[in-house]
There are 2 protein chains.
Amino acid sequence: MSESPVSPEPPIYRRIADGLRTSILSGELRDGDRLPGENALMAQHGIARATARQALAVLINEGLAVPKRGSGVYVRRFKPIRRHGSRRVAHSQWGNGRAIWDADAHGRAYTVDSVKISRGQADEETARTLGCTDVWIRQRRYSVDGRPVQLATSFFPADLVEGSPITRPDTGPGGVYARLGDLGHAPARFSEEVRARMPLPEEATALDLPAGTPVILISRIAFTAAGTPVEVNKMVLDAAGYVLQYDFDA
Amino acid sequence: MSESPVSPEPPIYRRIADGLRTSILSGELRDGDRLPGENALMAQHGIARATARQALAVLINEGLAVPKRGSGVYVRRFKPIRRHGSRRVAHSQWGNGRAIWDADAHGRAYTVDSVKISRGQADEETARTLGCTDVWIRQRRYSVDGRPVQLATSFFPADLVEGSPITRPDTGPGGVYARLGDLGHAPARFSEEVRARMPLPEEATALDLPAGTPVILISRIAFTAAGTPVEVNKMVLDAAGYVLQYDFDA
DNA sequence: CAGTGGTCTAGACCACTGC
DNA sequence: CAGTGGTCTAGACCACTGG
């Protein structure tokens, strides 16, 4: 008999990571504070460099810390943008010439860049949704406070928007939804699918994501009052930058 | 002149990881397929064990692969549950004696375990929402196909539910929402906040999450027709196991 | 029991940061 | 230029898996 080690001590690097995590979550270490570096951990705990790195990697992969080359590892901040699900797409928004995005940023500075518009073939799923493969594609990236926070790709049935401002960079006041309205296909109903996963490398690059930050994927379909799908919008959000809000009745 | 190395070759471990990722995303490697192990990568690329591990760690942290001790590293599968935002909480669901959860599982086997009910103090945010600190707390874990997929903690104002079945494990047909109705506080409106981040260790343990799997956090407030908040439900979902769907009008 | 991943040591060179 | 993190080598021992 003797020992009853139900939980055999966790490995060193875990214990170190646990200690640092506690310091962060308890508020002892704050927003931009510097964590003890590799050398400090080696000295404090008498471990090899690789082990110290391993401990820091845990926190980095949890999104609680960010490494800065040549400088140190720092506690990470989190100030999300509130994205209102139903309210944001309310007709009142784009009905009077405001772009949808306004509903999000709450007065914060935002920018749109990397706008790419093309005519092409939709992926299989989108084609099935729209009922056609010939589409116009609008890709763009949104930034808030100078930081990229969202990638968005919209698909429109080509025969529906051909020749309209939707096929050009500047869509005019109210954005694409107002233009769809001009064409007699005003969106009346939306369906959003929300997922989350770790980013692919290209997504991590485009959004400048540190390790340990998941992305939220939103796939939104816009329907007309008649039930015709007129847009599929696939968005990739920096999960650390957003809180999504949805209000609905029972 | 001479070199124009705009992108200085990525490190070895990245190139290896990129190659494996391509194989996975292209479908060349499928669901449960075994990836080349540490020894194989060492031999194929003439690298040290640590470097091979590093390459595999990339895929594991991306959630594309799962390591199995003593066996190998395997491609990870993804078969999400569809969780309907608005429809699921529709009155028709709990109005006629069905628990809400039924709306999710779509006929799949699901179980509830680790039910804990207690009377206690709400956290600051919840207290502010409910307008009181004295609450009844219902905690439970949901599993589908034998796999834990969700943790949920509900808070109810103590003075509102005291003595009702809500304070007991078995709430009867229709669940807690039907009981709130019995008490004259039927939920009429819901507000959900959705976030995503990497799990804390305890969340990872409770949901049995492999590395590289984020969690989706849903914080839902139930309001009566009069606008009184009667429940705050904080959920933690395995992000790999869910697709959330929200439908709404413009 | 042979192979696998999990942990750890003790070095090394590099690019980058900040003083 | 001293310190930091980023990458890599070449070993080692362990616990666990599978046939």
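Not measured: the values here are computed from a predicted model. Computation of the quantities below employed the complete heavy-atom set of this structure, encompassing side-chain atoms and omitting hydrogens, waters and symmetry-equivalent molecules. Each chain gets a letter, A, B and so on, in the order its sequence line appears, and its residues count up from 1.
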Rounded to whole Å, how long is the line connecting atom CD1 of I12(B) with atom C1' of dC14(C)?
13 Å
Contact class for R34(B) (heavy atom, under 4.0 Å): base, sugar-phosphate, or nothing?
sugar-phosphate
Is L56(A) touching bases, backbone alone, or none of the nucleic acid, heavy atoms closer than 4.0 Å?
nothing
Distance-only polar pair, side chains of S118(A) and R138(A), donor-acceptor under 3.5 Å
no
Between R197(A) and T213(B), do the side chains contain a donor N or O and an acceptor N or O under 3.5 Å apart?
no
Candidate nucleotides dG6(C), dC8(C), dT9(C), ranked by approach to the side chain of A48(A) - the nearest:
dT9(C)
Would one find a side-chain N or O of [X] under 4.0 angstrom from OP1 or OP2 of [N]?
| X | N | answer |
| --- | --- | --- |
| Y13(B) | dC8(D) | no |
| N39(A) | dT4(D) | yes |
| T51(B) | dT7(D) | no |

Minimum heavy-atom distance between P36(A) and L56(A), given as atom pair plus value
O-CD2, 3.9 Å
Return yes if some donor-acceptor pair links the side-chain N/O of R49(B) with the main-chain N/O of M42(B) below 3.5 Å, else return no.
no
Opposite nucleotide pairing with dC16(D), Watson-Crick or G-U, both atom distances under 3.5 Å:
dG3(C)
By nearest-nucleotide position on DNA chain D, the 5'-leaning member of R49(B) and Q54(B) is Q54(B)
The residue, R69(A) or A50(A), whose nearest nucleotide of DNA chain C is more 5′ is A50(A)
For G72(B) and for Y74(A), find the nucleotide of DNA chain C with the closest heavy atom, then tell me which residue's nucleotide is more 5'.
G72(B)
